[in-house]
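Worksheet: the structure to be examined is printed underneath.
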Amino acid sequence: MILCSLCSFSSAKEFDCSKNTCKEMDSCSEARYHLEQCGLSRLDRDNDGIPCESICGGNRKKKK
């Protein structure tokens with residue numbers, strides 16, 4: 001429980017809600033923070049829980 005609360009504090013200290021688009025994000029961690037803490041649901045266009053798939057990966061089509 002303490003660890004989790006420290007992680008949240010660390011993220012909150014590291015990031016703020018000033019960025020609005022994936023192009024502004026510097027990392028997947030920052031994109032996740034904006035999705036989860038700032039409520040920027042538009043960062044997850046296909047609603048799979050992965051924001052900014054160009055940064056965080058996500059469902060990629062397999063080559064045949």
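The SG atom of Cys28 lies 8.0 Å from the CD1 atom of Ile50; values are rounded to the nearest 0.5 Å. Taking CD of Glu36 as the reference point, atom OG of Ser41 lies at 12.5 Å (rounded to 0.5 Å). Distance CD/Glu30 to SG/Cys52: 9.0 Å, rounded to 0.5 Å.
A 4.5 Å side-chain heavy-atom check between Pro51 and Cys22 finds every atom pair outside the cut-off. The shortest distance between side-chain heavy atoms of Leu40 and Lys19 does not fall below 4.5 Å. Counting heavy atoms from C-beta outward, His34 and Asn20 have side chains that stay 4.5 Å or more apart. Residues Cys38 and Phe15 fail the side-chain proximity criterion, which asks for heavy atoms closer than 4.5 Å. Taking 4.5 Å as the limit, some side-chain heavy atom of Asp44 sits within range of a side-chain heavy atom of Leu35.
For Thr21 and Glu24, the side-chain atoms include at least one donor-acceptor pair closer than 3.5 Å.
Under the 4.5 Å side-chain heavy-atom criterion for Ile, Leu, Val, Met, Phe, Trp and Tyr, Ile55 and Leu43 are members of the same hydrophobic cluster.
In plain terms, the two heavy atoms of Gly49 and Arg32 that are nearest each other are O-NH1, 3.5 Å.
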